[in-house]
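Ligands are counted one by one from 1 in listed order, and the atoms in each one are counted from 1 as well.
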Amino acid sequence: MKTVYMDHAATTPVRPEVLEEMLPFFTERFGNASSVYGLGRDARAAVELARRRTAKALNAAREDEIYFTSGGTESDNWAVKGAALAASSKGKHIITTAIEHHAVLHTCAFLEKRGFEVTYLPVSSDGFVTAEQVEAALRPDTVLVSVMTANNEIGTIQPVAEIGRICRERGVVFHTDAVQAVGNISLDVQEMDIDLLSLSAHKIRGPKGAGALYVRKGVKIANLMHGGAQERARRGGTYNTPGIAGLGRAIELAAQEIPEHAEKVRALRDALLEGLMERIPDVTVNGSMKDRLPGNLNVGFARVESESVLLHLDLLGIAASSGSACTSGSVDPSHVLLAIGRTPGAANGSIRFSLGETNTQEDVSRVLEVLPGIVSRLREMSPFKAE
Ligand SMILES: *Cc1c(COP(=O)(O)O)cnc(C)c1O
């Protein structure tokens with residue numbers, strides 16, 4: 001059975017060029033990148049090449065504004081906690097949105113327990129916040145604004161440049177989680193007035209466990225890691241040389257390929273949506289189809305549970321996901337779908353298909369071949385009958 005992978009927002013396969021870049025650092029080029037002898041300097045050169053490539057992909061003014069981390073979660077934690085702690089003598093107010101990744105939201109909740117106040121901006125029914133909302137929420141004691149570039153569940157792309165401009169004018173640090181945006185839309189940290197930007201390698205066909213935080217020069221953030229002089233003593237820990245080398249190659253290629261990549265996955269995504277709409281009644285799209293990541297499709301199927309649909313798809317070798325978190329047997333509806341006004345029932349009947357470079361028209365056809373039958377059989381068994 002050929003598997004059909006449509007969960008690229010969860011993770012992506014490492015591409016051959018990236019694997020090739022990484023392999024020597026597991027074997028003959030194994031040195032510690034902080035050691036002074038030849039083997040160490042060789043590994044360090046690879047780290048610095050990756051830094052140059054990452055800085056270039058974001059149009060950072062300086063290479064030393066890139067700090068390597070273990071991934072998106074760490075970068076988000078560091079940005080939010082680090083900026084909040086560094087500025088806590090100035091103020092303890094943070095602005096974010098209701099649809100951020102949990103790496104941001106749970107970090108904000110952690111800070112709330114320690115005396116910070118957090119404004120969670122609501123989003124429109126199609127999944128956007130506006131720069132005006134951010135501006136209206138700013139207070140004299142606001143020390144950080146964190147708004148994601150693109151949402152991982154519904155793919156909506158936020159007006160980050162406008163938000164950045166307002167934050168810059170008001171002297172407030174601006175963080176954006178760009179984990180889903182990198183490689184899909186072009187990013188320019190200078191043009192967009194971004195102070196802190198999180199990214200992750202495994203979402204762009206790089207390895208798991210590697211990521212970066214862009215920290216604009218002059219922006220103050222407290223350290224999360226203590227001990228170790230790596231990353232200018234701001235993020236200690238022995239360099240993950242293979243992961244960092246892989247990240248550098250992955251982001252370089254992803255940034256170069258944005259136009260072709262976006263066009264390809266958008267065409268497949270649109271064909272999938274059109275086919276689903278034709279074949280299945282009572283399908284609704286979650287989030288706007290404008291200003292949306294090209295590979296993201298999130299659709300609600302009335303009167304079914306997404307977990308049942310996903311299990312049936314899995315039996316046929318098709319991987320997709322729902323935004324719901326299954327905790328101790330009960331399903332918590334996605335906070336993103338609730339924030340755009342979906343009922344808990346509608347949220348639990350929603351599925352995210354995230355398409356990527358490895359998908360083909362045959363993959364789309366396969367989903368269109370089997371999904372209508374799965375949905376209609378589940379609906380026949382459903383206690384929630386059509387009106
Ligand atoms: C995947 C993801 C993260 C977490 O990144 P990891 O590298 O898996 O820790 C954070 N934010 C967004 C928007 C994501 O999609």
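In terms of polar-atom proximity, defined here as any N/O pair under 3.5 Å, N152 makes no such contact with ligand 1. Looking at ligand 1, you'll find an N or O of K203 within less than 3.5 Å of one of its N or O atoms. Here's the thing with D177: one of its N/O atoms is less than 3.5 angstrom from an N/O atom of ligand 1. Considering backbone and side-chain atoms together, M148 places no N or O closer than 3.5 Å to any N or O of ligand 1.
Among all protein heavy atoms, the one lying closest to atom 5 (O) of ligand 1 is G72 CA, 3.3 Å. For atom 4 (C) of ligand 1, the closest heavy atom belonging to the protein is T73 OG1, 3.5 Å. Nearest protein heavy-atom neighbour of atom 3 (C) of ligand 1: H101 NE2, 3.5 Å.
Between the side chain of R352 and the backbone N or O of N152, at least one donor-acceptor pair lies under 3.5 Å. Checking side-chain atoms of R44 against main-chain N and O of V36 turns up no donor-acceptor pair under 3.5 Å.
Close contacts of ligand 1 with D76, meaning ligand atoms under 4.0 Å from a residue heavy atom, involve 10 (C), 11 (N). Heavy-atom proximity to G71, at under 4.0 Å, picks out these atoms of ligand 1: 7 (O). Taking a cut-off of under 4.0 Å to the non-hydrogen atoms of S200, the atoms of ligand 1 that pass are 6 (P), 7 (O). Close approach of ligand 1 to H202 is summarised as follows: ligand atoms under 4.0 Å from at least one heavy atom of the residue are 6 (P), 7 (O), 8 (O).
By the criterion of a heavy-atom distance under 4.0 Å, neither the backbone nor the side chain of A103 is placed next to ligand 1.
Using a 3.5 Å distance cut-off with no hydrogens or angles, the side chains of Y120 and E100 do not pair a donor with an acceptor. No side-chain N or O of H175 forms a donor-acceptor pair with one of D195 less than 3.5 Å apart. D177 and S198 share no donor-acceptor pair across their side chains, judged by distance under 3.5 Å alone.
Between K264 and E257, none of the side-chain N atoms (NZ, or NE/NH1/NH2) sits under 4.0 Å from a carboxylate O, so this pair counts as no salt bridge.
By the 30° and 60° cut-offs, the orientation of the rings of Y5 relative to H8 is perpendicular.
Interatomic distance, N348 CG to L337 CG, rounded to the nearest 0.5 Å: 9.0 Å.
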